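A quick note: this is a predicted structure, and the numbers were derived from the prediction, not measured. We're numbering straight along the sequence, starting at 1.
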Amino acid sequence: MNKGSQRRKKRKYRVRYDRVLSVLLALIVMIVVITSCVKGILKKDDSPPDDVNVSVNDSSDSDSENQEIPPETEPIPTTTEQVTTAETTTTTTTTTQTTTTTTTTTTTTTTQKESLPEGYTKIPVDNESIYSGNLVNVSVNYIYHFPEEDTNIVTLYDHIKTEYYNVSDFEVKLDEEVIEHLNDLMQNFAETKNNTDIFIIGGYRSADDQNQRYNNGISGVSGGFSDYHTGRSFDMGIFPQDGSSSGYYSPTGVYSWIDEHAADYGFVVRFPEGKESYTNERARTQTYRYVGVPHSTFMKQNNLCLEEYIENIKSYTINKPLQISSGKNLYKVYYVGADESGTTDIGIPLDEDYEISGNNDDGFIVTVKVN
């Protein structure tokens with residue numbers, strides 16, 4: 001080599017462990033942070049959006065009554081329909097994972113399965129029939145719908161047995177079935193007490209008739225809300241043959257026989273004393289209503305007005321009916337709530353006589369005459 005040349009010296013490198021450790025620590029911190037973020041995102045994705053209800057255990061006030069009840073404590077239902085289910089699916093997607101959440105919500109319809117007693121079957125009944133029958137309740141709270149097939153309104157004068165009682169004019173009308181039972185009641189009274197002083201002084205009213213009374217201040221009830229619309233309610237007067245004082249019927253003296261035996265023919269006092277809070281009418285002794293046997297028997301024995309009786313019947317079902325003895329006959333009476341579908345399946349006996357009446361509100365009352 002030339003003298004002026006210089007020898008290159010080989011450089012020695014030394015590992016800086018402190019820097020390597022710093023880098024590793026930084027990487028570890030980054031991994032922890034990233035992992036925490038990912039977990040937070042995934043946890044958030046597992047929750048549905050606010051506008052989707054996927055709750056199974058939580059329910060609104062209206063649904064709380066429809067929760068399943070263990071068989072040993074389940075009350076006897078009044079209608080027939082299987083419990084239905086609905087499925088709600090919520091899907092959430094992120095950049096790292098897709099999470100799908102499926103929730104099944106159980107809802108109960110207004111009807112439930114109910115077993116039938118032996119010897120019974122079911123028939124479909126249109127809910128419009130709620131407004132027809134001898135037990136419809138018409139008052140200031142329940143309007144009468146004037147169903148065409150509910151009654152057969154006829155003039156009392158053309159069907160009355162005048163040898164036993166009388167009618168005040170040619171205009172008084174009642175349902176034809178009511179007149180048949182009224183004739184029987186008055187015949188028995190006249191023959192037993194040798195008295196024909198009773199007059200029927202009022203009966204069926206149309207909506208226009210009632211509105212006229214309301215507008216003239218004679219009645220406090222407007223058209224549609226009077227029990228006289230049914231053709232089953234009527235007023236009685238006493239007009240003695242000897243010309244003595246007359247007036248509205250009152251169960252005094254010889255005339256008390258009518259009040260004592262009216263229930264045997266299906267009649268009850270429509271607005272009895274002490275029941276004003278239920279009937280929303282002033283008490284009066286002259287107004288009677290046909291409800292039919294055995295309902296009149298039970299109402300008379302238990303001092304119930306029509307409103308009380310209808311409410312009481314709701315606690316009886318086809319499997320636990322109210323049993324009423326009237327005369328020599330036994331009856332079973334039970335309530336069936338109307339189905340929201342518009343048609344209600346009602347259990348009835350195959351080999352026994354029965355009647356179905358609406359209550360003019362929310363269901364039906366079935367009366368079975370036991371053989």
Practice task
Using the side-chain contact (heavy atoms from CB on, under 4.5 Å) rule, take H295 and V333 through it: C-alpha gap first, then chi angles, then the decisive distance, then the call.
Solution key: CA-CA 9 Å; H295 313 289; V333 183; 3.9 Å; yes
Do other residues, nucleotides or ligands put more than 12 heavy atoms under 6.0 Å from the [atom1] atom of [X]?
{"X": "Q212", "atom1": "CD", "answer": "no"}
{"X": "E171", "atom1": "CD", "answer": "no"}
{"X": "E273", "atom1": "CD", "answer": "no"}
{"X": "N302", "atom1": "CG", "answer": "yes"}
{"X": "N216", "atom1": "CG", "answer": "yes"}

Regarding [X] and [Y], is there a side-chain donor-to-acceptor distance under 3.5 Å anywhere?
{"X": "D259", "Y": "Y249", "value": "no"}
{"X": "Y288", "Y": "D235", "value": "no"}
{"X": "Y335", "Y": "D362", "value": "yes"}
{"X": "E149", "Y": "S132", "value": "no"}
{"X": "T344", "Y": "N127", "value": "yes"}

Measure the spacing between [atom1] of [X] and [atom2] of [Y] and express it to the nearest 0.5 Å.
{"X": "D169", "Y": "I200", "atom1": "CG", "atom2": "CD1", "value": "11.5 Å"}
{"X": "K314", "Y": "L322", "atom1": "NZ", "atom2": "CG", "value": "15.5 Å"}
{"X": "N319", "Y": "S115", "atom1": "CG", "atom2": "OG", "value": "4.5 Å"}
{"X": "T343", "Y": "I123", "atom1": "OG1", "atom2": "CD1", "value": "12.0 Å"}
{"X": "T151", "Y": "E176", "atom1": "OG1", "atom2": "CD", "value": "10.5 Å"}
{"X": "I313", "Y": "I310", "atom1": "CD1", "atom2": "CD1", "value": "9.0 Å"}

Give a yes or no on whether [X] and [Y] share a hydrophobic cluster (residues Ile, Leu, Val, Met, Phe, Trp, Tyr; joining criterion: side-chain heavy atoms under 4.5 Å apart).
{"X": "L135", "Y": "F298", "result": "yes"}
{"X": "Y131", "Y": "Y144", "result": "no"}
{"X": "L185", "Y": "L156", "result": "yes"}

Practice task
Decide side-chain contact (heavy atoms from CB on, under 4.5 Å) for K369 and N371; before the verdict, give the C-alpha distance in whole Å, the side-chain angles of both, and the deciding distance to 0.1 Å.
Solution key: CA-CA 6 Å; K369 185 178 181 180; N371 292 333; 5.9 Å; no
Practice task
Please test N188 against Y265 for side-chain hydrogen bond (donor to acceptor under 3.5 Å, both in side chains), starting from the C-alpha separation and ending with a verdict.
Solution key: CA-CA 10 Å; N188 203 346; Y265 298 85; 2.4 Å; yes
Could you check whether [X] pairs with [Y] (Lys NZ or Arg NE/NH1/NH2 to Asp/Glu carboxylate O, under 4.0 Å)?
{"X": "R270", "Y": "E307", "result": "yes"}
{"X": "D150", "Y": "R232", "result": "yes"}
{"X": "K300", "Y": "D264", "result": "no"}
{"X": "K275", "Y": "E308", "result": "yes"}

So do the side chains of [X] and [Y] get within less than 4.5 Å of each other, counting heavy atoms only?
{"X": "Q323", "Y": "L330", "answer": "yes"}
{"X": "I198", "Y": "I258", "answer": "yes"}
{"X": "V154", "Y": "K173", "answer": "no"}
{"X": "Y331", "Y": "V370", "answer": "no"}
{"X": "I143", "Y": "V138", "answer": "no"}
{"X": "P240", "Y": "D197", "answer": "yes"}
{"X": "S219", "Y": "Q210", "answer": "yes"}
{"X": "F271", "Y": "T285", "answer": "no"}

Closest non-hydrogen atom pair, [X] against [Y]:
{"X": "P294", "Y": "I324", "value": "CB-CG2, 3.7 Å"}
{"X": "S256", "Y": "P251", "value": "CB-O, 3.5 Å"}
{"X": "L174", "Y": "G203", "value": "CD2-CA, 3.9 Å"}

Fill in the blank from the handout: Exactly one candidate in I348, V366, I365 meets side chain to side chain contact (heavy atoms under 4.5 Å, CB included) with V336; the answer is V366
Handout entry: Among D361, L306, T230, side chain to side chain contact (heavy atoms under 4.5 Å, CB included) partner for V136
Key = T230
Problem - Near-ring test F170/Y157, centroid separation under 6.0 angstrom - result: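 Yes.
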Handout entry: Validation row, ring centre Y290 to ring centre H181 under 6.0 Å
Key = yes
Problem - CA sep, side-chain torsions, deciding dist, call: S206, D208, side-chain hydrogen bond (donor to acceptor under 3.5 Å, both in side chains) - result: CA-CA 5 Å; S206 67; D208 290 339; 5.1 Å; no
Exercise for the section: Decide yes or no on side-chain contact (heavy atoms from CB on, under 4.5 Å) for I130 and F364, but give the supporting numbers first. Expected result: CA-CA 6 Å; I130 287 176; F364 302 89; 3.5 Å; yes
Practice task
Would you mind listing every ring pair (Phe, Tyr, Trp, His ring centres under 6.0 Å) that reaches into residues 221-243, with sequence neighbours excluded?
Solution key: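 Listed by first then second residue: F146-H229, F199-F239, F234-F267.
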Practice task
Applying side-chain hydrogen bond (donor to acceptor under 3.5 Å, both in side chains), run through E281 and S139 and close with a yes or a no.
Solution key: CA-CA 9 Å; E281 290 269 3; S139 65; over 6 Å; no
Handout entry: Test log, rule side-chain contact (heavy atoms from CB on, under 4.5 Å), inputs Y120 and L350
Key = CA-CA 5 Å; Y120 278 65; L350 293 171; 5.9 Å; no
